[in-house]
Amino acid sequence: MVALRPLQVTLDDVCFCHWPVSEAAVRAAVPDWLTVETADGDAWVSAVAATVTRVETFGIEVAGPSELLTIRTYVRGPTGQRGVCVLGLFGDDRRTATAVSELFRITVGDAVPRTLSTADRRRVLNAGDRRLFECRYTVGGDPVAIPPDSLASFLVDRQRYFTTGRFGTHLVGSVGHDPWRLDRVDASVTGSVFSLVDISAPTSDPLVHHSPVLRVSVAPPVPS
């Protein structure tokens, strides 16, 4: 297993797919010491797919290029801190996925994320020969900063994650990075990731965001 150290992860071609769901739909999926956070009257579940170009710790590369997809929802900790709770994690490179899973205290799933080289960009998640999820998208324009009080900021710009350690310990970790910048994106999404996290799939289409690149520093979780 990879030792817990601060990780610097360089993300490229980051695609966010966000679905509004009822608070009750995600309540059972998060630890009972966390509060489900809502925006515009809904809880939200997001699939975040990215190409990881480099994972390093203290300047030393510990994992190379890979594809990573996380499923997360939005919560507040016991003192009201805003963050995310990771519900599912999938990767095509065991070293990268293991490094991230150690931070989030979550098992890497069996499905495999891929990026397909076609005229449009395609993020997929496959379980054997079965395609569970596919997002086709095109991007354009220069990336712009996210307004601080917008729905996009609520869904994208999070700087904490919560998880539960051994013996039920309440843990919080920090995520440091420059402000996210988003570009215009036109997307079509098929399939669903919800069956992978035991949440009923919503009937609405997702809201999609895209960011070209970001370097993220992820610190190990500590007791909250």
Would you say that [X] contacts [Y] through its side chain, given a criterion of any heavy-atom pair below 4.5 Å between the two side chains?
{"X": "Ser192", "Y": "Phe133", "answer": "no"}
{"X": "Val86", "Y": "Ile71", "answer": "no"}
{"X": "Arg82", "Y": "Phe154", "answer": "yes"}
{"X": "Leu89", "Y": "Leu68", "answer": "yes"}

Taking Trp44 for the side chain and Leu155 for the main chain, is one N or O donor matched with an acceptor at less than 3.5 Å?
->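 Judged by distance alone, no pair lies under 3.5 Å.
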Determine, for [X] against [Y], whether the closest basic-nitrogen to carboxylate-oxygen distance falls under 4.0 angstrom.
{"X": "Arg123", "Y": "Glu134", "value": "no"}
{"X": "Glu61", "Y": "Arg95", "value": "no"}
{"X": "Asp13", "Y": "Arg121", "value": "yes"}

Where do Thr38 and Glu23 land on the side chain to side chain donor-acceptor pair (under 3.5 Å) test, with the steps shown first?
-> CA-CA 7 Å; Thr38 62; Glu23 181 178 346; 5.4 Å; no
Ser174 vs Gln159, side chain to side chain donor-acceptor pair (under 3.5 Å): CA-CA, chis, key distance, verdict = CA-CA 6 Å; Ser174 62; Gln159 298 184 13; over 6 Å; no
Do Trp180 and Phe16 have their ring centres less than 6.0 Å from each other?
->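 Under 6.0 Å, so yes.
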Path from Val197 to Leu69 over hydrophobic side-chain contacts below 4.5 Å =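 Both belong to a single hydrophobic cluster.
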Under a single-linkage definition using a 4.5 Å side-chain heavy-atom cutoff for Ile, Leu, Val, Met, Phe, Trp and Tyr, are Leu214 and Ile146 assigned to the same hydrophobic cluster?
->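 Cluster IDs for Leu214 and Ile146 match.
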Is there a donor in the side chain of Arg27 and an acceptor in the side chain of Thr35, or the other way round, less than 3.5 Å apart?
->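 Distance-only check fails for Arg27 and Thr35.
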For side chain to side chain donor-acceptor pair (under 3.5 Å), just list the numbers for Trp33 and Thr164, CA-CA rounded to whole Å, side-chain angles, deciding distance to a tenth of an Å, and then say yes or no.
-> CA-CA 9 Å; Trp33 57 277; Thr164 302; 3.0 Å; yes
Mind running side chain to side chain donor-acceptor pair (under 3.5 Å) on Ser46 and His18 for me, showing each step along the way?
-> CA-CA 4 Å; Ser46 301; His18 316 281; 2.6 Å; yes
Looking at every non-hydrogen atom in both residues, tell me the closest pair between [X] and [Y] and how far apart they are.
{"X": "Trp19", "Y": "Pro202", "result": "CD1-CG, 3.5 Å"}
{"X": "Ser153", "Y": "Pro148", "result": "OG-O, 3.1 Å"}
{"X": "Val108", "Y": "Ser101", "result": "CG2-CB, 3.8 Å"}

So how far is it from Arg122 CZ to Asp120 CG, rounded to the nearest 0.5 Å?
->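 So the CZ of Arg122 and the CG of Asp120 are separated by 6.5 Å.
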Give a yes or no on this: more than 12 heavy atoms of other residues, nucleotides or ligands lie within 6.0 Å of atom CZ of Arg184.
->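 Open.
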Given ring pair (Phe, Tyr, Trp, His ring centres under 6.0 Å), test Tyr137 with His210 step by step and report yes or no.
-> CA-CA 9 Å; Tyr137 57 99; His210 180 270; 5.5 Å; yes
Please confirm whether Arg76 makes a cation-pi placement over Tyr74, using NZ or CZ under 6.0 Å from the six-membered ring centre and within 45° of the ring normal.
->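 No, Arg76 does not lie over the aromatic ring of Tyr74.
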